[in-house]
Student: 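Questions regarding the structure given below will be posed in turn.
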Number of protein chains: 2
Amino acid sequence: MQITLKDIAQQSGYSITTVSRALTGYSDVNAETRQHIQDIATALGYQPNLLARQFRNQRTYTLGLIIPAHDQTFSTGFYSQLMLGIGDAASLEHYDLLISAQAPGEDEMIAYRRIVAGNRVDGMIIARTRRNDERILYLQGRGHPFVVSGRGAPGEPSDYPYIDVDSQMAICTIVQHFVELGHRHIGLILPPEEIAFTGFRHEGYCEGLAAAGIPYRPEYVINGDLWWSGGYECTETLLDDYPMLSAIIACNDLMALGAMNAIQERGLQVGADIAVAGFDDITAAEYAYPPLTTIHQPIYEIGQMLVKLLISIISGATPTETQVLIPSTLMVRASSGIQRI
Amino acid sequence: MQITLKDIAQQSGYSITTVSRALTGYSDVNAETRQHIQDIATALGYQPNLLARQFRNQRTYTLGLIIPAHDQTFSTGFYSQLMLGIGDAASLEHYDLLISAQAPGEDEMIAYRRIVAGNRVDGMIIARTRRNDERILYLQGRGHPFVVSGRGAPGEPSDYPYIDVDSQMAICTIVQHFVELGHRHIGLILPPEEIAFTGFRHEGYCEGLAAAGIPYRPEYVINGDLWWSGGYECTETLLDDYPMLSAIIACNDLMALGAMNAIQERGLQVGADIAVAGFDDITAAEYAYPPLTTIHQPIYEIGQMLVKLLISIISGATPTETQVLIPSTLMVRASSGIQRI
DNA sequence: ATACTAATCCGAAACGTTTTCGGCGTCAAG
DNA sequence: CTTGACGCCGAAAACGTTTCGGATTAGTAT
């Protein structure tokens, strides 16, 4: 069934050693011999048994990625766009991806141990860091190559290779933008507290308010679940309790789109009555109605950078820049509305 | 560095054989011995070398999936939702996913050969079938387990396990729905011709018109690229050339959302002036403004079904239902507008 | 005492590949 | 003629696991 080096060796009359060397391009094999062997190999349709090769070489040319299971968030927005960048870059570098879907928790760590200690991948990519991230501790402890999309929460060490956007400055910029448009009462819909970047975004909000001399009111801040409906529900709560709010910042685009729905369902106009801003700049943001003001993160490019960084670490290089903080840009669109009095 | 059976054997004083049998639950090993060995294994933090195990067993507990590279479509909508279902189901069955991103073409086939003949997976999942799909021919020829999301174009054999929705009937239903609302001039934005289901959707359109006694006008039919901008541009073309059109059916939601943008940019109202319908029922459809009438496909569930079917084939079972045609349901939302005169 | 069974355990082979080390010619330089 | 270098090739070991076919012992029936 399976064609092996042995078959080619028998056909050609050479040894397995020579066949192997001929096919992998060693120099100490006669040109004619090599040609002969290569001809037989293609004639037989030889494909190396990668399992055997990986096992022998202790090298898989595979990168591991554990995605959140049962998480709708995956399919719309940040995660899948990141995966697209990772997939494209990996394929360019001739790496494959090993993926397992696991919800955060004990099973997730089991999967990490299985995949990493089981030698299935050369390196891991971690996304959406959490406070005191157990996954990072494990990989650091084992000395296994990995890169991280995101970094530790404010105050945590983050002494590992990562790529992140400066969300603190980004949110600060949005606040500034809204202040310039005349808003004084700005609501904030944060991600869940266990996510690492939540702290940065919260701080950015405070920083923006402070710079404008607007007092920080904790009751304007609420945690959502990063999903459409979370943004919707948080917005309802905020608007019910604090009708003076004239602007809402959601910490990702999905929640911002949900917020727009809630606003529109009240018969209010997004932009004119209540300004909305998101974070991520997923494709749906641009094509939403009205188009959503948001922070553009180069997610696809981040995915590519992660792969390149990881592969260079795997290859034993010592990249100079292992901790990258990417500047983000504010995309002003119609959901901002216009200048207030 | 790596803990192997050998280490446990030395520690425990038993042979490698016995250690292996103790850990994998064979019956012919003394209960105390097993306990002793297990204790040592956990103390040492033993994790089996999966590469070695897979190599030895010729079984990887991994499913392969090749996703389209450089294809934005992936990150929004059908593909990633399918992957979510596949990932969740695979993880439940203790399978991992091996993923490679390849654009259709020669490199894609190389990747198939590499992964399949290289023994890296137990089975493959093929999505988005094409006319005369080379991938299917290859897997059939090799006798390698695989399942397909979608099936061959009309007239092609499709003699392999697949799961598909009845898109012909679905589009026919939309046409009927629009006819009932009073529309007589209905545009159709098809996917590219090389995609297998394009034929079915086209036929469904014709069927719906015929049933209503409306003549088929080929100039109302145009091919888009499945992406937002494709829907936008196709709609501009259609409306420029045929202002009598009062409804547009796009063959996926992304193009339908693009169509809505084009309509809104002309100052027309989606629903009131021009009705729009899509296909897939991605999350963005429900939350769009106005919400999009579309055909609901249980994409996530299809992903799960694909995995279960594939695993049962791998396990040597002969599933009774290997060719599933799922009924789809029309989701009527505001983009349909109301009854015309 | 012998033969048989059951309970435990182990040696060795095998999966397909890569690589180390060395062998055998041949040829040129000394 | 000797020596060394060089070009080409092969034997064998190794990666860690599973499993086949015994081997050993103790216990039991004959």
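Letters go in sequence order (proteins before strands), and every chain restarts at 1. Here the structure is a predicted model, which is why all the values come from computation and not from measurement.
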Student: Just to confirm, is there a sub-4.0 Å distance from OP1 or OP2 of C/dT17 to any side-chain nitrogen or oxygen of A/S20?
Tutor: no

Student: With the six-membered base ring of C/dC10 as reference, does the ring of B/Y14 sit under 5.5 Å away with planes under 30° apart?
Tutor: no

Student: Rounding to an integer number of Å, can you tell me how far B/L23 CG sits from D/dT17 C1'?
Tutor: 12 Å

Student: So, A/T62 and A/D96: side-chain donor and acceptor under 3.5 Å apart, yes or no?
Tutor: no

Student: Find the distance A/L5:CG to D/dG10:C1' and express it as a whole number of Å.
Tutor: 14 Å

Student: Check the distance between D/dA13's P and A/F55's CZ and give it to me in whole angstrom.
Tutor: 16 Å

Student: B/D7 has an atom CG; how far is it from atom C1' of D/dG16, in whole Å?
Tutor: 11 Å

Student: Does a distance-only test, which skips hydrogens and angles, find a donor-acceptor pair under 3.5 Å between the side chain of A/R56 and the base of C/dT17?
Tutor: no

Student: Let's see if you can work this out: which of D/dC9, C/dT17, C/dG16 has an atom nearest to the side-chain heavy atoms of A/V29?
Tutor: D/dC9

Student: Heavy atoms from C-beta onward define the side chain here; which of D/dC20, D/dT18, C/dG16 lies closest to that of B/N57?
Tutor: D/dT18

Student: Hey, does A/D28 reach any base, or is it just sugar-phosphate, or nothing, if we go heavy atoms under 4.0 Å?
Tutor: base

Student: Tell me: NE2 of A/H36 to P of D/dC9, nearest whole Å?
Tutor: 12 Å

Student: Within the 4.0 Å heavy-atom criterion, would you say B/N49 contacts the bases, only the backbone, or no part of the nucleic acid?
Tutor: sugar-phosphate

Student: Are B/Y112 and B/Y138 near enough that their ring centres are under 6.0 Å apart?
Tutor: no

Student: Taking the nucleotide of DNA chain C with the nearest heavy atom to each, does A/L50 or B/T17 sit closer to the 5' end?
Tutor: B/T17

Student: Carefully, step by step, assess B/E321 and B/K308 under the rule salt bridge (charged side-chain N to carboxylate O under 4.0 Å, His left out).
Tutor: CA-CA 12 Å; B/E321 270 207 318; B/K308 282 182 199 156; over 6 Å; no

Student: Within the structure, does a side-chain N or O atom of B/S15 lie under 4.0 Å from either OP1 or OP2 of C/dC9?
Tutor: no

Student: Please tell me if A/T4 has a side-chain N or O lying less than 4.0 Å from either OP1 or OP2 of C/dG16.
Tutor: no

Student: So if I take every side-chain heavy atom of B/Y26 and compare against D/dT19, D/dT17, D/dA11, which nucleotide ends up nearest?
Tutor: D/dT19

Student: Atom CD of A/Q54 and atom C1' of C/dG16: how far apart are they, to the nearest Å?
Tutor: 12 Å

Student: Please report, rounded to the nearest Å, how far the C1' atom of C/dA7 is from the CZ atom of B/R21.
Tutor: 12 Å

Student: What is the distance, rounded to the nearest whole Å, between atom OH of A/Y61 and atom C1' of C/dT17?
Tutor: 14 Å

Student: Any non-hydrogen side-chain atom of B/L23 less than 4.5 Å from a side-chain atom of B/I37?
Tutor: yes

Student: Can you confirm whether the side chains of A/S312 and A/S315 place a donor and an acceptor under 3.5 Å from each other?
Tutor: no

Student: Quick one: label A/L51 by what it contacts on the DNA or RNA (base, sugar-phosphate, nothing), any heavy atom closer than 4.0 Å.
Tutor: nothing

Student: Could you work out which one of C/dT18, D/dG10, C/dC9 sits closest to the side chain of A/I16?
Tutor: C/dT18

Student: Parallel, tilted or perpendicular: which one describes the rings of A/Y79 and A/F74, with boundaries at 30° and 60°?
Tutor: tilted

Student: So which one's nearest nucleotide on DNA chain D is more toward 5', A/A52 or A/T33?
Tutor: A/T33

Student: Select one nucleotide: of C/dC10, D/dT18, D/dC9, the one nearest the side-chain heavy atoms of B/R53.
Tutor: D/dT18

Student: Taking any heavy-atom pair under 4.0 Å as a contact, classify A/Q58: base, sugar-phosphate, or nothing.
Tutor: sugar-phosphate

